[in-house]
Amino acid sequence: MQAVRSLVGGASGPQYLTGDKSAIDAFIDEFDVFLFDCDGVLWSGDHLFPSIPETISMLRERKKQLVFVTNNSTKSRADYKKKFDSMGIQASEEEVFGSSYSAAVYISRILKLPEPKNKVYVLGESGVEQELKSEGVPFCGGTDPLLRREMTPEDFKHVSDGSLLDDDVGIVLTGLDYHPSYIKYALGQAYLRRGAKFLATNIDSTLPSAGTLFPGAGSISAPLIQASGQEPLALGKPSQAMMDAIEGKFQFDRKKACMVGDRMNTDIEFGIKGGLGGTLCVLTGVSKKEEFLASGAKVVPSAYVDALGDLLG
Ligand SMILES: O=C(O)[C@H](O)[C@H](O)COP(=O)(O)O
Ligand SMILES: [Mg+2]
């Protein structure tokens, strides 16, 4: 398969910017818009990386448009605004475009299933529920406390005879769920068996948090993929449906935009397949430089830094 190389990266491969002030300035001047990944770039869970608020302010002072594009569906745009505020990062709710919002927009404005069969069975956290609510999409499952329990012998009968199922469910949507349970998977499988559409906010295999890696959204949906034999349509990075929606909302010239991320097969691939002018890999998250410096590497960023704060030079 032809290597997915970015446009800016020289023939000699990605530029290493850390410690090179003039190269950093030249790189920043190339772009008017920065799309920022969050987990692994700005923070690792609740741990904020060094100089992030200052770096964001510096880019604002240089009149850059910023958009925060996260695959983490556990939080809504409003939740992210609270997190930004709690960490002293100057950002607005309007600038957030998460995979839970991407999924809600896809379901309400593109899929548009006819009522009453337009209800979504959620395997995920409140971020998904809040964004579905913001788009007026009915849902069930998700954070329902009745599903955070053991599966009982009666449950097997009631899933099988359908009495535990909601007849209005037409979609199964999976995201990162910190409370997976056997009954949640059993219901999801039953809805898919009835013909419900299978969607995922994202399929990242791992989640960078607290300085290490944990099971990601892709690891949460995997049992349902196994049990149903179906693959979901993923609506987060690197999905280009998400890129089109972001471009539509924020109106920018893709050639003057740069995607900043920590993961090759989501962030960097998202930017390259989206035809953006550049991509910047930050080595504080999932991907290590060996992954893209290796000969024959399939996804290669334009440039990379050890940490986002290095852009302060
Ligand atoms: O498992 C997940 O959902 C991902 O690891 C997490 O969402 C990544 O978030 P991002 O790096 O796109 O902010
Ligand atoms: Mg990330």
Side-chain angles (χ1 to χ4, degrees), residues 34-49 52 56 66-77 79-81 83-84 87 89 91 95-103 122-128 131 142 173-180 199-225 232 234-243 245-246 258-271 273-274 279-289 291-292 299 301 304-308:
F34 286 85
L35 307 185
F36 274 108
D37 174 50
C38 298
D39 293 338
V41 170
L42 305 179
W43 50 61
S44 184
D46 294 329
H47 168 69
L48 179 66
F49 293 130
I52 296 299
I56 297 294
L66 306 183
V67 185
F68 298 91
V69 184
T70 176
N71 266 1
N72 193 321
S73 64
T74 61
K75 289 183 171 61
S76 65
R77 289 161 295 161
D79 294 334
Y80 276 107
K81 172 57 179 161
K83 185 165 185 176
F84 287 136
M87 289 180 161
I89 297 172
E95 293 174 320
V96 180
F97 202 103
S99 66
S100 50
Y101 179 59
S102 180
V122 174
L123 216 158
E125 298 290 342
S126 78
V128 173
E131 295 297 4
L173 175 62
T174 66
L176 181 55
D177 190 328
Y178 297 129
H179 308 88
L199 305 177
T201 58
N202 64 304
I203 49 174
D204 302 43
S205 55
T206 56
L207 167 73
S209 190
T212 185
L213 297 179
F214 295 85
S219 302
I220 298 297
S221 57
L224 203 47
I225 294 171
L235 297 155
K237 299 169 288 184
S239 155
Q240 290 307 304
M242 190 179 193
M243 181 68 84
I246 292 169
C258 178
M259 177 72 209
V260 183
D262 69 298
R263 196 183 186 112
M264 289 304 111
N265 67 356
T266 58
D267 308 312
I268 305 304
E269 191 167 322
F270 180 66
K273 284 195 171 156
T279 53
L280 176 67
C281 180
V282 177
L283 297 175
T284 45
V286 174
S287 291
K288 302 305 166 211
K289 64 180 180 213
E291 189 181 335
F292 54 80
V299 180
Y304 64 105
V305 286
D306 295 339
L308 187 63

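We count ligands from 1, going down the list as the structure has it; atoms in each ligand are counted the same way.
- Below 4.0 Å from some heavy atom of Thr70 lie the following atoms of ligand 1, by number and element: 9 (O), 10 (P), 12 (O), 13 (O).
- With ligand atoms numbered from 1 in the order given, ligand 1 contributes 1 (O) to contacts under 4.0 Å with heavy atoms of Gly216.
- Taking the six-membered ring where the residue is Trp, Trp43 and Phe84 present tilted rings, their angle falling between 30° and 60°.
- Classification of the Phe49-His47 ring pair by plane angle, with boundaries at 30° and 60°, yields perpendicular.
- The nearest protein atom to atom 11 (O) of ligand 1, hydrogens excluded, is given as Asp37 OD1, 2.7 Å; this is a heavy-atom distance.
- Between the Asp262 side chain and the Val286 main chain, a donor and an acceptor come within less than 3.5 Å of each other.
- We find the CG-OG1 distance between Asn202 and Thr266 to be 8.5 Å, quoted to the nearest 0.5 Å.
- Annotation for ligand 1: atoms under 4.0 Å from non-hydrogen atoms of Cys38 are 13 (O).
- For ligand 1, the atoms sitting less than 4.0 Å from at least one non-hydrogen atom of Thr206 are 1 (O), 4 (C), 5 (O), numbered in the order shown with element in parentheses.
- At least one donor-acceptor pair closer than 3.5 Å links the side chain of Lys237 to the backbone N or O of Val69.
- Across Gly175 and Ala217, no two heavy atoms sit closer than the pair C-CB, 3.9 Å.
- Minimum interatomic distance between Met259 and Gly271 (heavy atoms only, all atoms of both residues): CB-CA, 4.0 Å.
- With ligand atoms numbered from 1 in the order given, ligand 1 contributes 1 (O), 2 (C), 3 (O) to contacts under 4.0 Å with heavy atoms of Ala217.
- Excluding waters, the set of protein N, O or S atoms lying under 2.8 Å from the Mg ion (ligand 2) comprises Asp37 OD2, Asp39 O, Asp262 OD1.
- The two residues Met243 and Phe270 have their closest heavy-atom pair at CE-O, 3.3 Å.
- Under a 3.5 Å cut-off, the side chain of Ser76 and the backbone N or O of Asp79 do form a donor-acceptor pair.
- Atom 6 (C) of ligand 1 has Asp39 OD2, 3.5 Å as its closest protein atom, hydrogens excluded (heavy atom only).
- Here the shortest heavy-atom pairing between Tyr178 and Pro180 reads C-CD, 3.3 Å.
- Looking at Asp267 next to ligand 1, no N or O pair under 3.5 Å apart turns up.
- In terms of heavy atoms, Thr174 sits closest to Ser221 at OG1-CB, 3.4 Å.
- Of all heavy-atom pairs spanning Thr201 and Leu173, the tightest one is N-CD1, 3.8 Å.
- Near Asn202, the atoms of ligand 1 lying under 4.0 angstrom from a non-hydrogen atom of the residue are 2 (C), 3 (O), 4 (C).
- In the vicinity of Asp204, heavy-atom distances shorter than 4.0 Å reach the ligand 1 atoms 1 (O), 2 (C), 4 (C), 5 (O), 8 (C).
- Within the structure, the closest approach of Lys237 to ligand 1 falls below 4.0 Å when heavy atoms are considered.
- Looking at ligand 1, you won't find any N or O of Arg263 less than 3.5 Å from one of its N or O atoms.
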